[in-house]
Every structure is written in structure tokens, then in C-alpha cells.
Peer 1: 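I have a structure I would like to understand better, so I am pasting it below and will then ask my questions one at a time.
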2 protein chains.
Amino acid sequence: MADVCQWCRGSNRSVCAAVPLHFHEEIRRISHIRTFEAGTTIASEGHEALFVGTVLRGVLRLVKTLADGRQQIVGLLFASDMFGRVFSDEMPFAIEAATKVELCMAPRRRFETLLSRHHELEHEILIRTLDELDAGRNWMVVLGCQNMLERVAAFLAILTIREHVLEDAAEGSERAAIVEVPLSRADMAAYLGTTLETVSRSIHRIADHGAIEIIDPRQFLIKDWPALLRLSGRSDLTSHQFLGRFSGHDDNMRTLSEAC
Amino acid sequence: MADVCQWCRGSNRSVCAAVPLHFHEEIRRISHIRTFEAGTTIASEGHEALFVGTVLRGVLRLVKTLADGRQQIVGLLFASDMFGRVFSDEMPFAIEAATKVELCMAPRRRFETLLSRHHELEHEILIRTLDELDAGRNWMVVLGCQNMLERVAAFLAILTIREHVLEDAAEGSERAAIVEVPLSRADMAAYLGTTLETVSRSIHRIADHGAIEIIDPRQFLIKDWPALLRLSGRSDLTSHQFLGRFSGHDDNMRTLSEAC
DNA sequence: CGTTGCGTTGAAACATCTCAAAGGTTGTGG
DNA sequence: CCACAACCTTTGAGATGTTTCAACGCAACG
């Protein structure tokens with residue numbers, strides 16, 4: 001329990017990392033760390049939102065299920081993203097573990113009380129919510145007016161940026177440009193608004209174009225980054241559009257994005 | 001200038017209406033009211049966000065334009081909605097007048113300064129941003145996994161709820177169930193992620209089903225609300241999902257939604 | 001009275017979905 | 001070590017929904 005906040009003092013984009021250290025003691029007091037296996041439902045759609053928190057490791061998916069069973073993933077949460085819904089009694093979407101996840105979680109009510117006393121913290125959450133809103137609207141553009149090849153390419157491009165931003169921020173290393181997709185074809189399809197077959201076909205077409213090389217179904221080598229961006233139909237793509245301002249300090253990837 | 005805040009003291013969902021009256025004096029001091037003709041660009045994508053404010057009358061559209069000219073409307077702002085982007089220097093989307101609009105606007109920087117001094121106001125903005133995020137994600141479901149007939153039906157249903165909530169809140173009247181669509185077919189298409197031809201065909205198919213009657217291209221009589229909801233594929237549809245918590249006080253429409 | 005802008009309608013082209021089957025990998029038990 | 005099942009991914013071919021392109025209708029306007 002003593003080292004709950006250790007992770008958040010590191011260099012990351014979490015709310016806690018953005019907030020003065022003396023807040024950590026208070027946050028620590030109401031928080032605990034838990035892990036969940038892939039596939040676990042952390043919070044159900046329509047139920048009361050009991051917990052909020054931060055993703056430490058793994059990926060969460062926000063899922064909306066229609067009455068007839070159709071599902072749409074409306075958001076993916078990676079390490080340092082906040083999950084849960086403050087100031088609302090009902091979860092508008094389910095929160096599920098897309099991979100094995102490690103979460104730092106706190107009871108929602110107690111966290112809200114804490115917010116009311118610490119406006120700096122609430123301000124940081126506003127900033128992140130605004131960025132998430134922008135990112136969500138950017139994703140609406142993908143869903144609304146891009147074809148399936150473009151959607152898949154855009155998804156891979158965004159994932160690439162995101163992963164390399166995190167890595168570089170953490171260790172400053174220049175790794176080989178490999179994207180690790182932490183999702184099944186079915187999850188990708190649910191996020192991209194299509195079917196798993198179309199996702200599979202699109203990935204192979206992107207590989208045929210020479211932009212990527214398929215290492216295994218979940219790992220791709222970025223062979224030609226400008227080509228990938230071109231296929232995504234979003235040469236305008238820069239990390240901060242989908243990831244928020246906290247991802248913009250990475251010169252290496254910025255160069256890559258601006259190369260087209 | 002003296003009555004800038006008059007509107008916001010009425011019964012509406014605006015930030016100002018939610019905040020103690022003594023704030024109005026301060027907000028008034030930095031605000032002014034302006035009208036813009038339909039089609040005017042109020043803020044350009046990628047430019048600095050100079051103003052924020054509230055829609056008093058009319059409809060704003062948030063537009064993202066891709067390099068090749070494709071456009072997606074990622075949000076529509078109605079009376080009492082806030083526009084602009086606090087705490088960001090660059091507008092991620094263009095703000096355009098979809099109809100003639102009347103706006104109460106304030107310089108962004110000065111408004112941010114005001115926010116830093118009045119946490120109640122910032123809190124209200126957080127609440128609204130969270131609700132907008134939920135609404136945006138709900139719209140992602142529409143774009144991601146509903147067919148064109150369902151999208152158009154859902155759009156009409158949401159508009160119906162929204163208009164009647166506002167009207168009923170304002171005057172408590174029980175008007176005939178007429179939806180007024182404040183958008184051209186092209187704008188509807190850009191919002192729904194399709195073409196204007198498909199929008200037109202879908203509207204006529206909905207009319208063929210008997211759910212609506214086309215009075216003129218922008219006015220529809222709701223003949224069978226349950227049928228409209230059924231066609232939308234979202235019988236789960238309640239106003240607060242797309243409109244935020246401030247629309248939930250209307251018993252009349254809630255009965256309508258829950259009738260299915 | 002022609003022009004302009006917007007909405008509707010039709011028919012062919014196209015992208016994506018659906019259904020079906022095959023291929024590959026992983027883990028388990030014989 | 002092999003056989004087998006379970007699961008995920010890939011591939012194929014026909015069905016379907018949507019787009020595209022073109023023409024037409026209609027009202028507002030100069």
C-alpha cells in the first residue's frame with residue numbers, strides 16, 4: 001500500500017503526475033491497485049459508477065451494446081489514462097479489460113470529495129476531458145468519412161505514435177518501429193465500425209502497399225511511415241490530435257509525422 | 001450592453017444560468033452579443049481560439065475538413081450550448097453558423113482568467129464537457145454501427161427530444177409534435193457520415209413507414225413516435241444520452257421515450 | 001422568364017458485409 | 001510426441017447497402 005503512488009511520480013501523462021506531490025498522500029489514502037484478466041468487465045453499462053482511477057498497465061475498452069447485440073468500442077484507455085465517470089451516477093458505457101490490466105482505483109464518491117477540495121486536481125481533469133473530447137471528435141471523422149483501408153491505417157498510425165511516445169518518454173530509446181496491437185481482430189472491428197474480415201483484408205492490403213510488414217497477427221513492422229500516413233488519408237495526423245497535449249514533446253515522432 | 005445577461009437568467013441549460021447571479025456581473029463585463037449570418041465561419045480549424053461563449057439562438061456546426069475536401073460535422077451546438085475551446089491555443093475544428101445565430105462571446109484568455117478565479121464556474125464547465133464527451137461517444141455508436149436509415153431516424157428522434165425539451169422548459173406548452181430540422185440535406189449528410197441523396201431517400205423511407213409526415217424539406221410531423229424510435233434502432237434512446245443531464249426534467253418526452 | 005439553389009429520383013458502379021470454409025497456433029490429454 | 005479441440009485469423013464468393021453520376025422538379029429571386 002505504501003508504494004501505490006510510486007508509478008505516478010515517474011514521467012507519465014497521468015493526472016497524478018501532473019499534480020503537486022503533496023496531493024499524492026491524499027490520493028494514496030483512498031486508492032488501491034488491482035489487476036484484472038483480459039475480458040473482465042470492470043463496470044457495466046447503465047450501472048452506478050462506483051470507481052474511478054488510472055490505467056497503470058494494459059488496455060481498457062469502453063463499449064456500448066445496442067439492444068440487438070451490435071457493439072461499438074467508443075474509446076480505448078491506455079497506461080496513464082483515467083477511467084470511470086466523475087459527477088454522474090450512471091455509467092454510459094461498459095468498461096472492459098481488453099488485455100490483462102493493472103489499475104489504480106478509488107471510490108468515485110471519495111474521489112469527488114477530494115476534487116471539491118483541490119481545484120488544481122479538478123482543473124487537470126478538465127484539461128484531460130477536453131482533450132479526450134477532441135480525440136473523440138477526431139475519431140468521429142474517421143468513422144464518418146473514411147473508408148475501411150483508411151480507418152485501419154489511421155488506427156495503426158495512431159497506435160504507433162502512442163506507443164513510441166510512451167516508450168520514448170519513459171526511456172528515451174530509439175526502438176525499431178514495431179506496432180504492437182493489443183486487440184483481437186474483433187475488437188479492432190468494433191472500434192473501427194466494421195467487421196473482423198474487413199479488418200484482416202485491410203491489414204493485408206496495407207502490407208501489400210509496402211507500408212507495413214506483418215510479423216504476426218498482432219505485431220507489425222512499420223516499413224514506410226509516410227506511406228502509412230498517406231494510406232490513412234490523414235497526412236495532417238499529429239500525435240496531439242488523438243492523444244492530447246501531453247504527447248507532443250516527442251521530437252522523433254513529430255519529425256516522422258511532419259515528414260509528409 | 002446592460003442586458004447581456006438577461007437571457008442567461010431565464011430557465012435554460014447555459015453555464016451562466018447554473019452559476020450564482022453575482023458572477024453574471026463579471027461575465028457581462030468581458031462579454032458582448034453578436035449575430036452571424038448562416039454560413040459564416042466563426043473560428044477556423046487550426047487557428048488560434050480567440051473567443052468562447054454561449055449560443056443564444058440558432059445552430060453552430062463543428063466541422064473537420066480533410067486534406068482532400070471531405071468534411072465531417074463532429075458536433076452541433078444549439079441555444080445554451082457553449083462554443084469555443086478553453087485551455088487550448090489551436091481550434092481542432094472549425095466553428096460555423098449552420099443558421100443565422102446570435103452568440104454571447106468573450107475573449108478566451110479573459111474567460112480563462114475568470115475561470116481560474118471562480119472554481120464553481122470551472123466546475124460547471126467540467127460537468128458540461130463530461131456530458132458532451134458522453135454525447136459524442138453516443139454519436140460514435142451511431143456512426144460506427146448503424147445503417148443509414150437508423151442514423152437518419154436517430155437524428156430526427158434526438159432533434160425532436162431536444163426541441164421539445166427546450167420549448168417545454170421555456171413555456172411549458174404542449175405543441176404539436178413537429179420537428180424542425182435546422183440543417184440542409186448536405187449538412188445532415190455531413191453529420192450522419194453519408195451523402196445528401198441517401199439522407200433524402202432515408203427520410204422518404206421513414207415517411208413510407210408512417211413514422212413521420214414530410215411537411216416541407218425541413219419540417220416533419222411526428223406521426224408515430226414509437227415507430228420512429230424503433231426505426232432508429234435505439235429504443236434505449238433517452239434525451240440525457242445525447243443532451244446531458246439538463247434535459248432530463250421533461251416528463252412529457254420521457255413518457256414518449258419510455259413508451260417503447 | 002431564365003437563373004440559381006436545393007431537394008428528389010433513377011440506374012449502374014462500387015465497397016463492404018455475410019456466409020462458408022480453410023489455415024494456423026496454442027494448450028491439453030492420451 | 002502426437003492427436004485433438006478450441007480459438008483466432010485468413011481467404012473466397014455471392015449478396016447487399018450505399019455511393020456516384022446524371023437528370024429532373026420546384027420554389028425563390030432578380
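Proteins get letters first, then strands, A, B, ... in listed order; numbering begins at 1 in each.
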Peer 1: Is there a donor and acceptor pair closer than 3.5 Å between the side chain of A:Arg185 and the base of D:dT11?
Peer 2: no
Peer 1: For A:Ile214 and D:dT9, what is the distance between atoms CD1 and P respectively, to the nearest whole Å?
Peer 2: 12 Å
Peer 1: Main chain of A:Trp7, side chain of A:Asn12: is a donor-acceptor contact present, judged purely on distance under 3.5 Å?
Peer 2: yes
Peer 1: To the nearest 0.5 Å, how far apart are OG1 in B:Thr194 and CG in B:Leu149?
Peer 2: 11.5 Å
Peer 1: Return the nearest nucleotide to the side chain of B:Arg201; candidates are C:dT8, D:dT19, D:dT9.
Peer 2: D:dT19
Peer 1: Run through B:Thr35, B:Ile42, B:Ile95 and flag the one making a side-chain contact (heavy atoms from CB on, under 4.5 Å) with B:Leu103.
Peer 2: B:Ile42
Peer 1: About how many Å separate CD of B:Glu132 and CZ of A:Arg137, when rounded to the nearest 0.5 Å?
Peer 2: 4.5 Å
Peer 1: With respect to the side chain of B:Thr194, which nucleotide from D:dT19, C:dC17, C:dT8 is positioned closest?
Peer 2: D:dT19
Peer 1: Taking OP1 and OP2 of C:dC17, is either one under 4.0 Å from a side-chain nitrogen or oxygen of A:Thr198?
Peer 2: yes
Peer 1: Quick one: B:Gln146 CD to D:dT18 P, roughly how many Å, whole number?
Peer 2: 12 Å
Peer 1: Could you state the atom-to-atom distance from CE of B:Met148 to P of C:dC17 in whole Å?
Peer 2: 11 Å
Peer 1: Find the distance A:Asp187:CG to D:dC7:P and express it as a whole number of Å.
Peer 2: 16 Å
Peer 1: Measure from CZ on A:Phe220 to C1' on D:dT9 and round the result to the nearest Å.
Peer 2: 11 Å
Peer 1: Looking at B:Glu150 and B:Arg234, does any basic side-chain N land under 4.0 Å from a carboxylate oxygen?
Peer 2: no
Peer 1: Should B:Thr195 be listed as having a side-chain N or O under 4.0 Å from OP1 or OP2 of D:dT20?
Peer 2: no
Peer 1: Look at the side chain of A:Asn147 and decide which nucleotide, out of C:dT16, D:dT10, C:dT8, has an atom nearest to it.
Peer 2: C:dT16
Peer 1: Which whole-number value in Å describes the distance from B:Met188 CE to C:dC6 C1'?
Peer 2: 14 Å
Peer 1: Using whole Å, report how far CD of A:Glu197 lies from P of C:dA15.
Peer 2: 18 Å
Peer 1: Whole angstroms only, please: what is the CG-P distance between A:Leu196 and C:dC19?
Peer 2: 13 Å
